[in-house]
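Here the structure comes first, spelled out in C-alpha cells, and everything after it is commentary.
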Amino acid sequence: MKRDATAVGAHARPDVALRLAAIRAGERAAIARAITAIENDIASARALSAALAADAGRAHVVGVTGPPGAGKSTLINALLAEFAARGRRIAVVAIDPSSPITGGAVLGDRVRMHAAGAAESVFIRSLASRGHAGGLAKATRRIVDLLDAAGFDAIVVETVGAGQSDVGIAALADTSVVVCPPGLGDDVQAIKAGILEIADVLVVNKGDQPAADRTEQELRDMLRLRAHRPGWAVRVLRTVATTGDGVPALVDALDAHATDAGRGRRLARAPAPPAATAVESRLRGFCAADPYQRLNALEFVESGPGTVTMRMRVAPQHLNFNGKCHGGAIFTLADSAFGVAANAYGVVAAGIDTHTTFQVAVSEGDVLTARSLEVSRNAKIAVYRVDVTRGDGTVVASFTGTVFMTRRPHQARPDDLRP
Amino acid sequence: MNKPLPEPIPASTEEAHVRWAAEYSAQIGADRAVHNRSGIPVRPLYTPLDVDPARFDADVGFPGQPPYTRGIYATMHRGRTWTQRQLIGLGTPAAYNARLTDILGQGGTAVSLIPCNSVFRGYDMDEVDEELLGTCGVVANSADHMATCLAGVDLATTSCAMNDPSPFTLLAFMLATAKRNGVDWRTISGTSNQSDYLSHYVANHMFFRLALPGARRILVDHIRWCNEHVPRWNPLSVVGQHTQQAGATPAESMAFTLAAAVQYADDCVAAGMSPDAFLPRFTFFFDVSISFFEEIAKFRAGRRIWARIARERWGARDPRSWRFKFHAQTSGVDLTRQQPLNNIARVTAQAIAGIFGGLQSLHTDAYDEALSCPTQFGARIAVATQNILREEAHLTDVIDPLGGSYYVEALTNEMEARVLAIMADVEAAGGMYRAVESGLVQRRIGESACRFQERIDRGEQTVVGVNAYQVDEDASARPALPKPDPAEMRAHLGAFTAWKAQRPAQAVAAALDGVARAANDGDANVFAAVVAAAEAGCTHGEICGTLRREVGFGMPLTVV
Amino acid sequence: MDIRPKVLVTKIGLDGHDRGSRVVAAHLRDAGMEVVYTPPWQKIEAVVKLAMEEDVDVIGVSSLATDHLIVPKLMAALRDAGLTDVVVIVGGIVPDADEQALLDVGVARVFHPGSPLDEISAYITEATARVRAARFPA
Ligand SMILES: Nc1nc2c(ncn2[C@@H]2O[C@H](COP(=O)(O)OP(=O)(O)O)[C@@H](O)[C@H]2O)c(=O)[nH]1
Ligand SMILES: [Mg+2]
C-alpha cells in the first residue's frame, strides 16, 4: 500500500489506532517502539501522545533522585522486587547523562536492576539526557504519560543524579524520593537548598555503613527546622538496597504519600502557561528596564506560551581577543531569553543553575537569535532550554537553566515600563 | 691526501657524550618521542651517567640476597631452570588425561588443569548449555572426575597447578582422590592458581564467583588450612596477568598485584597468622608482553619491592618470606588472528623476556590461542619453544645476564618508582580491597586499555599483520576450533547425572549443611568444610551453589 | 532526522573476558552512540527482553571463548519474540568454520580480533540508518 506522504493524524494513519490498542494492552514491543518515536520526536508520535493523553493519571509516578553512587539504581532494583511481591506492574525510566562533547552515553542503570528487571511484570527503559538539564531527558514527561496509559501501576523515574540542579523530577512525579548516601555529613547544609527541598521521602541508603546513623540524624534535624508542608510530613527512612532491608517500609511510605497527596497529582501541578498577548508587553517592559541588556544591545523579538525570543547583532564590543564573539556575550543573550521567560508568571523567578555548551565560533556582524523553551515547571522550580542560532540556522550554543520560583510578586516600577 | 684523524676523546668525559649527542641529532633529524607501555620515556642511549655506582648494594647486589633484583636464588637458571607448565584442559576427564600424558611425555614437568567455563561459573555440567561443555577446559565436577583427570600421575612427586577460584573445589577433589589412593597430603605440592579474587573482580570476571566479603574470608581460611594440612601447597597465587590482559600497563599491573598481595598478607596478619608462616607460600603469576625490556625491568623491580615490603611492613625474618616467586605466561593479548604462525615468533620474544626477568615457572602460549583453545599441534610447538630456549639458545648460562646494562638498570629504577607511586595511590584509597570496591582500579585499567587500543588504531603501535604488513591470507592456514567429541561429552553427562542420583543423599546433604554452617560461623574454617564435602561425594555445583546462597554472588562493578 | 544509534553490547554464555566488550562500548560511546552495556553471562531471555524494551538498533555480542556457539539460540529467541528488525553482530574469536554458521542463522556480521574500532562504529551507523528507515518510514 502506498502511503499518502502529506497526511498526518489518526485518520490517515490507521496504524496509529492499532498501535494505540497494543500500547493500552501493555504490549512490550509496541510500548518500546512508541518510546523511541517520542524520544526522537518522530511526527507520528505526536498523534499517539495526543490520543493517549486522556488515559494518563492512573499510575503512581515516583521520582528517584540523589547524587551519583548513592544507590538509586540498586534501590530501584529492590523496589521492583517488593512491588512484584505486592503484585504490581512497574515501569522504570532510567536517565543517564550524555557526553556534552560527543553526545554519546553509556546507559548503565538497568544493569543494577538486573535481578528484578527480568520479571514479566517489569518494564525498564533507559534514556540518555541528550544535553537536557534538570536530570531528565527532554521527552521524559511524554514517555511517562505513555507508560501511564499502558496501564502500569507505578512508574519509577531515576534521574541523572548530577546534584543540586536535579530538580526537574519534582514537576514530573507524584512522589519524589531523594536518596542520600551516608557520610553526606557537612554537605547536608550545602545541598539542602537543592534537591533535599523537593523530597517527599528521604532515604538514607547504604544503611549498612557506619556513617548512616549520623546522616540520618542530620537529615532529621534539618527537617525539624523546616516548615511542614500541609498534608504530608516528609519521612526519613533507612535502606540497604543491596539486601532489601528497609525496602518494604519504603514502599509503605510511597503508598501513604500516594494516598495522602494523591496519585495523578503531577498532572495538576503543571500550570498552563499564561496567554501570550497579555504578558508580552510586560516582558518587553522587563527588557527595556534591564540595564545589562541595554548595554549589550539585546533586542526583544517575541514571546509565546513558555517561550521568549531575543536577538543580538555581534558588534565590536562583543568580541574577544581572538576577534570572535565573546562567550560571555552569547551567554548573556541566552540567559536573558531564559530569565525573561521564567518571569512571565507574575512572581520573581531566581536563576539557580545554568549550563552552556558553545558549538560554533561566531563572528562580528552575525545576528544571533536565542529562543527559550519551557521544559518543565512546578510550583517551585522551572527548567528552560535555550538554543542560540546564527542567521544561517546553525545552532551556535545550547543553554539550559533552572529557576526557583519565589512567592514575591514583581514590583511595579512604572518608570521603567516606558517603551 | 689524507684527512687528519679526529682527535680521540676519552669516552668517560662529558665531552664525548656531547659529541655523540650532536652527531645523533644531526643524523636523525626529527627525533620521535619513544615511551614504553607504562608511559616511561625511553632515551636513545643509556650511559654510566644513568646509574649510580654508589647504589650497587642497594639496587643491584647479588642473586639470592636482598635486594633480590638479580633473582631470588643464588643459582637461578644456571642451577635449576624453570618449571615448564603448560596450562591445558579440554573436554572430558578422560580426554584431558590423554592430553596430560602427552604433554608430560614431551618434556612437561608439572600438571596444570584448566576447567571448563561452566566450572568457573560454579555450575555442574547439568546446569548449563550443552553446546558449551568442555569447549574451553575440562568438565570436572567431582572427586571421581578428578581421579580420572590425574590417573597415572604420581601426586607425591608432580607439582599440580589448578585454575581453581574460591572455594577451591578442585583442590578439595584432588585431596579426596589422594586420600583414597593413600597419598599423604603433606607430600603434595602445587598451587591454587586462581585464588586472587580481587584480580578476578577487577579484571577477569571469568573467575569471579563469590561476593567480595565472602571471598575475602574464604581466602584467609584457605591459606590457614593449607599451611597446616598441605604444607607444600601454595594456597595463594597473586595474579598480575588479569590486570595486564585487561589493559593495565606493565607498571600498573605490577603495582596492583603487589598491592593485592599486601592486602592478603594484611588480612592474614589481622586473622592472627604469623608472617613467616604464610609468606613463604605466597606466589605470583604474571603476563609477559612483547615489550621486551620493560617486562624484564618490571620483574626486577617487583622482586626488589616485595623483598623490602616483606621485611619492613610485616617484619618477616625468614628469607623464604622475602622471595618473589613467580610463574609467567606469555601474553595472549599480543597474539594475532592474522598470520597466526607469526605468533610463534611473538611467544619466543615474550618468553625470553620472562626468562631474563628471572621467572620460576613458564607457560608459553600456543600460536593458535588467539583463535581458539589451543590445538594439540599448537601446544606441542609451545612446549618445543621452551625446550629450544632452555637447551639450545644458551640463555641460562649466566645469571641475570642483563644486570649491569645501563638501560636495564635505569629502567628497573624507573619502573620501580612508577610502581611505588601507583601503590601509594592504592594505599591512599584505603588499600587494594577498598580501591577495588570503589572502582578506582577498574577505572585506571579501563583508561589504559583505551589508550593502548587507540595507539594501535592510529598506527603508533605496529602490530604485524594487523595494522602493518598485511597479506592476503589463505584462511585454511587457520585451525578450526577443537570441539570435544559430542558423543563422549553426552556419555560423560549421562554418567554424571546417573551417579548423582544414586549417592547417599543424607551424607551429601549433611556435608553441604556443614559448608553452609561454616560460612555463617566466623570461628569455623570454610575450606575445611569444602574438603569434607568433596570427600563426602558432593559435587562442584552443589558446593558453589551453597556458598553462593550463603555469601552471595555480587556482580562485579564494571566500568566502561 | 538526527539518528543516534542505540546499541546493546553484551556477552552471553559462560565466559567472563570482558575487556573487548568494554573497549568497544567505550568506543561507541565516544563515537556519539547511546550504549547499553551489560556484564558477561547474560541469559538469552534477558538479552531478548532488554533489546525489546530498549528498542535497540543493533546488538553486539562479544565472544572470546566459544560462547558464539550459543548465538544461534539467541537468534532463534529473538525471532520467536518478533525482534526480526534488530541487527545482530558478533565480535571476538570466531573460527572461520563457525562464522559461516552464524551468518547462516542471520548474524549480520562477524568482527575478528584486530578489527579497527572505527570499522565497527561505521558499520553500526550504517546499519542503524537502515533499521530506522524501516521502523519509521517517512
Ligand atoms: N554497601 C552498600 N552498597 C550499596 C548499597 N546500595 C548500593 N550500593 C552500591 O553502591 C554502588 C552504586 O550504586 P548505584 O545503584 O549504581 O548508584 P546510583 O548511581 O545512585 O544509581 C554500587 O556498587 C552498589 O552496589 C547499599 O545499601 N549498601
Ligand atoms: Mg544509577
Side-chain angles (χ1 to χ4, degrees), chain B residues 116-121 123 128-137 200 203-208 242 245-247 332-333 335-338 368-373 442 445-447 449-450 452-454 456-457 463 465-467 470 475-476 478-483 555-560, chain C residues 9-31 33 35-44 62-74 91-101 110-121:
Chain B
C116 171
N117 287 345
S118 61
V119 175
F120 284 136
R121 300 299 344 115
Y123 298 120
V128 303
D129 286 304
E130 217 179 305
E131 292 90 333
L132 301 177
L133 282 178
T135 53
C136 283
H200 305 157
N204 193 325
H205 299 152
M206 186 70 255
F207 302 114
F208 180 76
H242 299 150
Q245 293 209 339
V333 173
L335 305 189
T336 65
R337 173 180 183 275
Q338 294 81 351
D368 48 7
E369 273 189 50
L371 309 170
S372 67
C373 301
Q442 294 89 317
I445 293 175
E447 285 161 16
C450 286
F452 189 66
Q453 185 61 46
E454 282 161 16
I456 292 175
D457 286 353
V463 183
V466 175
N467 63 2
Q470 294 99 324
S476 66
R478 291 197 288 265
L481 172 69
K483 287 179 192 140
M555 186 71 82
L557 175 67
T558 38
V559 182
V560 172
Chain C
V9 177
T10 189
K11 275 176 78 65
I12 53 178
L14 299 169
D15 174 41
H17 292 92
D18 51 6
R19 171 188 176 163
S21 61
R22 287 210 305 262
V23 168
V24 168
H27 169 77
L28 298 181
R29 174 200 60 202
D30 294 343
M33 302 186 188
V35 182
V36 183
Y37 170 84
T38 78
W41 317 307
Q42 298 300 311
K43 293 249 180 293
I44 283 174
S62 161
S63 169
L64 289 162
T66 73
D67 288 321
H68 67 274
L69 295 172
I70 56 169
V71 166
K73 279 187 171 171
L74 171 67
I93 298 175
V94 178
D96 295 332
D98 295 354
E99 173 168 353
Q100 192 53 49
V110 175
F111 289 94
H112 297 285
S115 301
L117 291 171
D118 288 339
E119 195 179 313
I120 300 175
S121 48

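Throughout, a chain's letter reflects where its sequence line sits, starting with A, and its residues are numbered from 1.
Under a 3.5 Å cut-off, the side chain of C:D67 and the backbone N or O of C:L14 do form a donor-acceptor pair.
Interface check for chain C: of the options B:G465, B:S118, B:C450, the most heavy-atom pairs under 4.5 Å are formed by B:S118. With chain C as partner, the option from B:L132, B:V128, B:D457, B:I456 having the largest number of non-hydrogen pairs under 4.5 angstrom is B:L132. Each of C:G92, C:S115, C:P39, C:S21 has some count of heavy-atom pairs under 4.5 Å with chain B, and the biggest count is that of C:P39.
Taking every heavy atom of both residues into account, C:P113 and C:I93 meet most closely at CG-CG1, 3.9 Å. The minimum heavy-atom distance between C:H68 and C:S63, with the atom names listed, is N-OG, 2.8 Å.
For C:H17, there are no ring pair (Phe, Tyr, Trp, His ring centres under 6.0 Å) partners two or more places apart in sequence or in a different chain. Looking at residues two or more places apart in sequence or on another chain, you find no ring pair (Phe, Tyr, Trp, His ring centres under 6.0 Å) involving B:Y123.
When heavy atoms are compared at a cutoff of 4.5 Å, B:Q453 approaches chain C solely by way of its side chain, counted from C-beta outward. Contacts between B:Q245 and chain C at a heavy-atom distance below 4.5 Å involve the backbone alone (N, CA, C, O). Contact annotation for B:V463: neither backbone nor side-chain heavy atoms come within less than 4.5 Å of a heavy atom of chain C. Residue C:D30: no heavy atom, backbone or side chain, is found under 4.5 Å from chain B. Using a 4.5 Å cut-off between heavy atoms, C:D15 contacts chain B through both its backbone and its side chain.
No side-chain heavy atom of B:N204 sits under 4.5 Å from any side-chain heavy atom of B:F208.
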